[in-house]
Amino acid sequence: MQKIIDRYMQLTANQVVAVWLALWWVVNLVVAGASELANDEAYYHIFAQNLAWGYFDHPPMTALLVWLGEHIFSGELGVRFFFTLLQPIYLYIFWRVIQPSDAASQKPSRQDGELYAMITASMFILHLYGLVAVPDGPLMFFTAIFLLLFKRFTESKPWSWLMMGITLGLLALSKYHGALVLIFALLANIKWFIKNPRKIGELAASGVVALAIITPHLLWQHDHDWVSFSYHLSDRNGAFELENITDYLVNILVVFSPFFLPLWVQAMRKVKATSAVTRTLKLYPAAFFIFFGLSAVRGYVQPQWTIVSVFGFIWLLFEYARRHNRTRHYVMRMGWITLALIFIVRIA
């Protein structure tokens with residue numbers, strides 16, 4: 001046992017994050033094979049029996065992932081396998097996006113890796129939507145890749161515009177909310193694009209690549225009278241109900257860990273965004289909450305529709321806590337309490 005502890009203490013920050021995400025994946029894998037499907041998962045399982053470029057209310061990525069999983073495993077594990085696999089991958093990718101630079105004074109430490117792992121593990125919403133087979137898994141996966149490529153795009157890395165275009169296309173094939181991922185990133189960086197007009201042309205080229213990838217889906221929509229867009233934009237609208245707004249606010253407070261609410265308010269005030277990707281991450285929570293808060297006026301809003309904002313929350317809390325020892329200790333303590341509560345829920 002002591003040898004294991006000694007080896008762990010020698011791990012780098014990247015290795016610490018990888019180890020904890022791997023353990024999280026194993027837990028999800030066990031639960032995925034041992035629990036019954038939710039109604040929505042059974043719905044997507046039916047999609048997978050008839051692969052197509054589109055379905056009534058969603059693009060095809062979820063059905064494809066279920067179809068692939070069911071060709072590897074049977075039962076519930078087959079339906080969920082790739083959705084459990086996507087989460088540790090996209091959380092590791094996001095770690096590489098926000099980790100401190102390799103400058104001598106900012107090189108990420110093992111404690112930084114542990115802090116990141118604890119913050120992500122404390123997000124109630126990630127525990128549920130890293131397990132079930134729903135469109136939010138691929139949405140988060142391709143959003144994390146987009147953020148990595150957007151960072152490289154703004155750093156003028158070769159071919160980043162092409163890879164970003166491919167990612168945007170796959171993001172659009174995952175969930176329609178992916179459009180907001182791009183729109184809010186552009187809104188956060190309007191001034192940067194004005195100062196770098198050459199990048200506007202590269203961004204347009206990325207858009208052409210993305211459009212080429214989603215063209216088969218658009219053709220499917222055309223052949224089916226744009227049924228998905230009609231459903232989301234008008235058919236599911238309802239009369240105003242105050243309960244929808246209060247439910248939305250309560251659900252948001254719960255799924256994004258209420259223990260950290262004061263810290264997020266403080267981090268919003270204190271943490272400065274110094275790059276295109278951090279400006280994007282700082283805008284995401286407010287932008288998604290306001291957008292779907294307004295949507296609650298006309299109907300029920302599911303809390304996972306704001307799930308992309310978790311990237312912004314993780315970055316804000318990580319950047320703030322790693323610079324304040326008392327906050328770091330508080331985050332680690334409350335993280336363990338949160339994990340204990342989540343463990344009880346998982347057992348139930």
Side-chain angles (χ1 to χ4, degrees), residues 11-26 28-29 61-62 65 81-102 107-108 112-123 125-127 129-131 135-155 157-175 177-178 180-182 184-185 188 206 210 273 275-285 288 307-319 322:
L11 295 178
T12 65
N14 291 343
Q15 291 169 335
V16 165
V17 172
V19 166
W20 285 110
L21 290 179
L23 290 175
W24 188 351
W25 176 61
V26 171
N28 277 346
L29 205 60
M61 186 63 71
T62 300
L65 292 174
F81 175 72
F82 279 101
F83 297 85
T84 68
L85 187 60
L86 291 182
Q87 186 177 71
I89 296 175
Y90 73 65
L91 287 177
Y92 188 79
I93 291 172
F94 186 62
W95 160 250
R96 298 306 296 263
V97 172
I98 69 169
Q99 70 177 35
S101 67
D102 290 331
K107 187 175 182 180
D112 287 332
E114 291 171 341
L115 178 64
Y116 175 81
M118 182 58 78
I119 292 172
T120 56
S122 300
M123 300 292 107
I125 196 168
L126 290 181
H127 283 268
Y129 293 99
L131 170 67
D136 304 280
L139 171 70
M140 293 291 282
F141 177 73
F142 290 113
T143 297
I145 297 177
F146 164 75
L147 290 170
L148 177 63
L149 293 172
F150 188 56
K151 179 180 180 181
R152 295 181 176 178
F153 172 79
T154 57
E155 294 171 351
K157 296 295 177 64
W159 301 106
S160 55
W161 65 270
L162 175 60
M163 300 304 297
M164 192 169 72
I166 294 172
T167 300
L168 288 172
L170 296 175
L171 183 61
L173 293 179
S174 298
K175 193 170 184 177
H177 295 169
L180 299 178
V181 172
L182 175 62
F184 294 151
S206 293
S275 66
V277 73
T278 55
R279 285 191 292 270
T280 300
L281 291 172
K282 193 167 185 178
L283 179 64
Y284 271 172
F288 275 94
I307 192 172
V308 170
S309 61
V310 80
F311 287 131
F313 280 132
I314 292 172
W315 170 72
L316 283 166
L317 188 53
F318 176 76
E319 279 295 311
R322 73 180 297 265

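No hydrogens, no waters, no symmetry mates; every other heavy atom, side chains included, goes into these values.
Taking the side chain to side chain donor-acceptor pair (under 3.5 Å) definition, one finds that Tyr90 meets it with Gln87, sequence neighbours left out. For Met163, the side chain to side chain contact (heavy atoms under 4.5 Å, CB included) partners at least two apart in sequence or on another chain are Leu149, Ile166. Applying the ring-ring contact (aromatic ring centres under 6.0 Å, His included) rule to Phe94 yields the partners Phe311; only residues at least two apart in sequence or on another chain are considered. Partners of Arg279 by side chain to side chain contact (heavy atoms under 4.5 Å, CB included), not counting sequence neighbours, listed by chain and number: Ala188, Asn189, Trp192, Ala273, Ala276. By the side chain to side chain contact (heavy atoms under 4.5 Å, CB included) test, Leu180 is found to be paired with Phe184, Phe288, Phe291, Phe292, residues two or more places apart in sequence or in another chain being considered. Applying the side chain to side chain donor-acceptor pair (under 3.5 Å) test to Thr154 and every residue at least two apart in sequence or in another chain returns nothing.
A donor-acceptor pair under 3.5 Å links the side-chain atoms of Ser206 to the main chain of Trp161, judged by distance alone. Here the side chain of Tyr116 pairs no donor or acceptor atom with the backbone of Tyr92 at under 3.5 angstrom.
The two residues Ile314 and Thr120 make their nearest non-hydrogen contact at CD1-CG2, 3.6 Å. When all heavy atoms are compared, the tightest approach of Ser174 to Pro135 is O-CB, 3.6 Å. In plain terms, the two heavy atoms of Leu171 and Gly178 that are nearest each other are CD2-O, 3.7 Å. Across all their heavy atoms, Arg96 and Lys151 have their closest contact at O-NZ, 4.1 Å. Minimum interatomic distance between Val181 and Tyr284 (heavy atoms only, all atoms of both residues): O-OH, 2.7 Å. Summarising the geometry of Phe318 relative to Asp112, their closest heavy-atom pair is CE1-O, 3.3 Å, with the distance given to 0.1 Å.
When side chains are defined from C-beta on, Pro100 counts as touching Arg322, because their heavy atoms get closer than 4.5 Å. The shortest side-chain heavy-atom distance between Leu29 and Phe81 falls under the 4.5 Å cut-off. In this structure, the side chains of Ile307 and Tyr129 come closer than 4.5 Å at one or more pairs of heavy atoms. Considering only heavy atoms from C-beta on, Thr62 comes within 4.5 Å of Pro138 through its side chain.
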Using a 3.5 Å cut-off and no angle test, enumerate the donor-acceptor pairs between side-chain atoms of residues 14-26 and protein atoms at least two apart in sequence or in another chain.
unit_1	atom_1	unit_2	atom_2	d
Asn14	OD1	Trp95	NE1	2.7
Gln15	OE1	Thr12	N	2.9
Gln15	OE1	Thr12	OG1	3.4
Trp20	NE1	Tyr8	OH	3.0
Trp25	NE1	Thr84	OG1	3.2

Going through the checks in order, is the side chain to side chain contact (heavy atoms under 4.5 Å, CB included) test met by Leu91 and Met140?
CA-CA 9 Å; Leu91 287 177; Met140 293 291 282; over 6 Å; no

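Each salt bridge (Lys or Arg N to Asp or Glu O under 4.0 Å) pair with one or both residues in residues 14-26, not counting sequence neighbours, would appear here, but there are none.
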